[in-house]
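Written out below as structure tokens is the structure these notes cover.
Counting from 1, the numbers follow the sequence of the chain as shown. Note that the coordinates shown come from a computational prediction; the quantities given were computed from them, not determined experimentally. For ligands, and for the atoms within them, numbers begin at 1 and follow the listed sequence.
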Amino acid sequence: MKIEFSEPSLPRSGALVLIVAGEKELGRTARAIDKRMNGTLSRALRNGRFKGKLGDFIEIVEPVGIGVQRIILAGVGTEDDIDLLKLEDTGGKILSRISKKGDSNAAICVDPIKGVKFNPAMAAAHIAFGARLSSYRFDVYRTNKSSVDLPSLKRIKMLVSDVKGARSIFRSLNKIVDGVFFCRDLVSEPANVLYPKSFAERVKKLTNIGLKVEVFNRARMEKLGMGALLGVAQGSANEPRLVVMQWNGGPVRQKPVAFVGKGVTFDTGGISIKPSGGMEDMKWDMGGAGVVAGLMATLAGRKAKVNAVGVIGLVENMPSGKAQRPGDVVKTMSGKTIEVINTDAEGRLVLADALWYTQKRFKPSAIVDLATLTGAIIIALGHQYAGLFANDDKLSDELVAAGKMVGERLWRLPVDASYDDDIRSDIADMHNVGNGRSAGSIAGAKLLEQFVNDCSWAHLDIAGVTWSKKVRPTIPKGATGFGVRLLDRWVLDRYEQ
Ligand code: BES
Ligand code: ZN
Ligand code: ZN
């Protein structure tokens with residue numbers, strides 16, 4: 001779907017969307033059209049339940065006296081409640097209303113509106129952003145394209161008088177969508193297609209947009225002593241990979257910021273095998289790695305003024321004659337040992353080595369890791385918030401604020417010393433599970449904390465937010481890409497001001 005910007009003019013075909021705000025106020029273009037239609041729009045606004053609130057729509061099909069196939073009046077609310085997130089939702093809602101109607105073009109007109117203070121260029125860019133975010137589909141495995149109701153919409157024209165302004169705001173937003181879609185594609189792929197090697201190959205393609213990408217194979221990781229990551233991988237016929245991405249858009253001497261992702265391309269649980277019901281969900285146990293790759297693509301795409309590294313640990317967790325057993329003790333790259341009580345608590349083992357490697361090699365100003373780490377975080381927070389754990393209050397506050405800005409919300413949980421005992425092992429430096437059923441997500445974070453040394457660190461447990469079972473205005477069912485927008489925003493606020 002193409003999105004263009006141009007000055008307000010009357011389109012000759014397709015769908016025309018007119019924004020209505022405040023007390024059912026129309027903008028200049030809408031008023032001109034209303035006149036041509038002998039007041040049809042004003043009459044429509046007076047009728048029925050339309051209040052001009054966000055999500056209120058009126059549709060006029062085949063209007064007389066004007067070439068378009070349909071006019072849609074879309075409410076965006078009053079000045080007090082118009083914000084960028086709501087405009088993005090409006091864009092998403094508009095798109096889902098018109099995408100399957102058969103029109104191939106749509107125009108969305110964003111004029112200034114009397115008595116409502118909002119910046120039309122900014123509004124147009126964010127409506128377009130929301131529309132494109134909601135347009136995501138994953139249809140690669142449908143061989144009979146006519147069996148699904150494919151969207152007819154090919155082109156959206158944003159009509160706004162400050163074309164240049166809107167275009168320039170949209171340029172970076174569009175790169176965020178590219179990163180979100182890259183992530184959603186990775187997360188949607190089945191595990192027979194996306195395994196460590198093929199995942200790494202896809203990431204390698206990002207060299208096209210200026211990222212430096214290194215791929216480590218098993219032998220290389222053995223030399224580095226990554227016994228915890230390799231222990232998880234050893235039961236699988238698919239060999240592991242560690243991928244290091246670098247984007248150097250900041251000052252030469254600036255320490256990089258680092259992002260580390262859990263990339264378990266399929267998590268059967270290993271010998272501590274999971275029940276079969278719902279196990280197919282474990283194809284998206286690489287969600288953290290997907291976000292890191294999508295984020296790095298966004299930073300490179302919009303040429304962010306920052307030095308950033310992304311490290312992802314890619315493994316498949318399988319049971320087999322070669323798989324690790326409950327009770328095995330593995331030695332991590334840091335030298336610390338872990339007793340593997342439960343082979344299904346594998347994400348933390350992968351991250352233990354990926355985190356240690358990252359802080360040791362890059363000495364980053366901060367590390368943020370993302371992982372679909374625990375089922376327990378879903379019990380605690382459901383699908384609305386991701387869990388946040390941090391050893392640095394300022395970093396934590398910044399991330400919470402960035403999340404609020406973009407609608408990817410974080411809720412902080414503790415990782416203080418009072419939980420130290422939960423991961424204490426009788427025979428090794430620590431074990432990989434918590435204390436029975438209590439504080440399962442904290443135990444996971446507690447283990448990760450042992451491998452960040454004294455670096456400023458935050459861990460996002462995204463198990464509840466990586467996959468959506470219901471449609472939301474800017475997120476279709478399935479892979480959400482949660483984390484890409486949030487971390488892009490955080491980088492912008494913290495490093496690019
Ligand atoms: N990948 C799972 C966590 C998960 C669960 C992600 C549901 C997404 C949806 C993780 O590797 C896991 O199995 N964790 C165990 C830990 C336990 C054995 C200590 C869990 O949460 O049950
Ligand atoms: Zn697991
Ligand atoms: Zn897992």
Side-chain angles (χ1 to χ4, degrees), residues 187-188 191 194-196 199 228-229 231-236 240 260-291 312-319 323-328 338-354 369-387 389 413 419 422-425 430-448 459-469 478-480 482-483:
V187 171
S188 306
L194 199 81
Y195 42 91
F199 193 142
L229 185 154
V232 177
Q234 79 190 33
S236 172
V260 176
K262 166 178 172 181
V264 177
T265 58
F266 197 83
D267 181 12
T268 63
I271 296 301
S272 316
I273 198 158
K274 288 181 180 295
S276 53
M279 204 203 269
E280 69 281 5
D281 279 351
M282 288 300 107
K283 73 168 184 180
W284 49 262
D285 206 21
M286 36 53 68
V291 172
I312 55 180
L314 304 174
V315 302
E316 190 180 60
N317 188 22
M318 298 290 270
Q324 75 179 345
R325 295 143 290 249
D328 283 4
I338 306 176
E339 183 186 9
V340 181
I341 300 294
N342 189 316
T343 64
D344 195 12
E346 83 298 338
R348 59 201 76 180
L349 299 172
V350 173
L351 287 175
D353 282 331
D369 79 68
L370 301 106
T372 49
L373 205 72
T374 65
I377 203 70
I378 310 177
I379 307 295
L381 301 175
H383 304 284
Q384 283 81 357
Y385 283 77
F389 303 81
L413 292 155
Y419 294 94
D422 288 17
I423 57 168
R424 192 150 291 158
S425 157
M430 65 198 89
H431 65 210
N432 76 330
V433 295
N435 178 12
R437 283 164 56 81
S438 54
S441 305
I442 297 174
K446 199 73 211 165
L447 188 137
L448 302 182
H459 156 59
L460 310 186
D461 192 335
I462 56 171
V465 295
T466 293
W467 193 266
S468 177
K469 293 211 156 98
T480 63
F482 184 109

When you draw lines from the Zn ion (ligand 3) to NZ of Lys262 and to OD2 of Asp285, what angle lies between them, to the nearest 10°?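 Value returned, to the nearest 10°, is 100°.
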Proximal atoms of ligand 1 relative to [X] (non-hydrogen, under 4.0 Å):
| X | answer |
| --- | --- |
| Asn342 | 18 (C) |
| Trp284 | 8 (C), 9 (C) |
| Met282 | 1 (N), 6 (C), 7 (C), 8 (C), 9 (C) |
| Lys262 | 1 (N), 10 (C), 11 (O) |
| Glu346 | 11 (O) |
| Asp267 | 1 (N), 2 (C), 10 (C), 11 (O), 13 (O) |
| Ala463 | 6 (C), 8 (C) |

How long is the span from the CD1 atom in Ile442 to the OH atom in Tyr419, to the nearest 0.5 Å?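 It is 4.0 Å, given to the nearest 0.5 Å.
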What's the spacing between Gln234 CD and Asn317 CG if we round to 0.5 Å?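 Going from the CD atom of Gln234 to the CG atom of Asn317 covers 10.5 Å.
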Under a 4.5 Å cut-off applied to non-hydrogen side-chain atoms, are Val264 and Glu346 in contact?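 Of all side-chain heavy-atom pairs linking Glu346 with Val264, at least one is under 4.5 Å.
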Is there a side-chain contact between Asp461 and Leu413 (heavy atoms, below 4.5 Å)?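 With C-beta onward as the side chain, the pair stays apart.
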Taking the Zn ion (ligand 3) as the reference point, name the nearest N/O/S atom of Glu346.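 Distance check against the Zn ion (ligand 3) picks out OE2 in Glu346.
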Report the part of Arg437 (side chain from C-beta onward, or backbone N, CA, C, O) that has a heavy atom under 4.0 Å from ligand 1; answer both or neither where that applies.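 For Arg437, no heavy atom sits under 4.0 Å from ligand 1.
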Considering non-hydrogen atoms only, spot the tightest contact between Ser468 and Thr480 and give its length.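 Shortest heavy-atom separation between Ser468 and Thr480 comes out as CB-CG2, 3.7 Å.
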Shortest protein contact, atom 19 (C) of ligand 1 (heavy atom only):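 Checked against all protein heavy atoms, atom 19 (C) of ligand 1 sits closest to Val433 CG1, 3.9 Å.
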Measure the distance from atom 21 (O) of ligand 1 to every protein heavy atom, then report the residue, atom name and distance (to 0.1 Å) of the closest one.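 I find the closest protein heavy atom is Gly375 N, 2.7 Å.
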Quick one: angle Asp344 OD1 - the Zn ion (ligand 2) - Asp267 OD2, to the nearest 10°?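 So the angle at the metal works out to 100°.
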With only distance considered, is Gly347 within less than 3.5 Å of ligand 1 through an N or O on each side?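 Checking ligand 1 against Gly347, no N or O pair falls under 3.5 Å apart.
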Do Arg348 and ligand 1 have an N or O pair less than 3.5 Å apart?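 So ligand 1 has no N or O lying under 3.5 Å from an N or O of Arg348.
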Distance-only, no hydrogens or angles: does the Lys283 side chain make a donor-acceptor pair with backbone N or O of Ser188 under 3.5 Å?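 Confirmed, Lys283 side chain pairs with Ser188 backbone.
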With a 3.5 Å distance limit and no angle check, can you tell me whether Thr343 reaches the backbone of Pro326 through a side-chain donor-acceptor pair?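 Between the backbone of Pro326 and the side chain of Thr343 there is no qualifying donor-acceptor contact (under 3.5 Å).
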Identify the residue among Thr268, Thr466, Thr372 that makes a side chain to side chain donor-acceptor pair (under 3.5 Å) with Asp285.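 Going through Thr268, Thr466, Thr372 one by one, the side chain to side chain donor-acceptor pair (under 3.5 Å) with Asp285 is satisfied by Thr372 alone.
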Protein heavy atoms near atom 1 (N) of ligand 1, is at least one of them under 4.0 angstrom away?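 Yes, because at least one protein heavy atom sits under 4.0 Å from atom 1 (N) of ligand 1.
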Could you give me the CA-CA distance, side-chain angles and deciding distance for Phe266 and Met279, then say whether side chain to side chain contact (heavy atoms under 4.5 Å, CB included) is met? CA-CA 9 Å; Phe266 197 83; Met279 204 203 269; 3.8 Å; yes
In this structure, does ligand 1 have an atom that sits under 4.0 Å from one of the heavy atoms of Thr374?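 It does, in that a heavy atom of Thr374 comes within the 4.0 Å cut-off of ligand 1.
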If we only consider heavy atoms of Leu373, is any one of them less than 4.0 Å away from an atom in ligand 1?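 A heavy atom of Leu373 does come that close to ligand 1.
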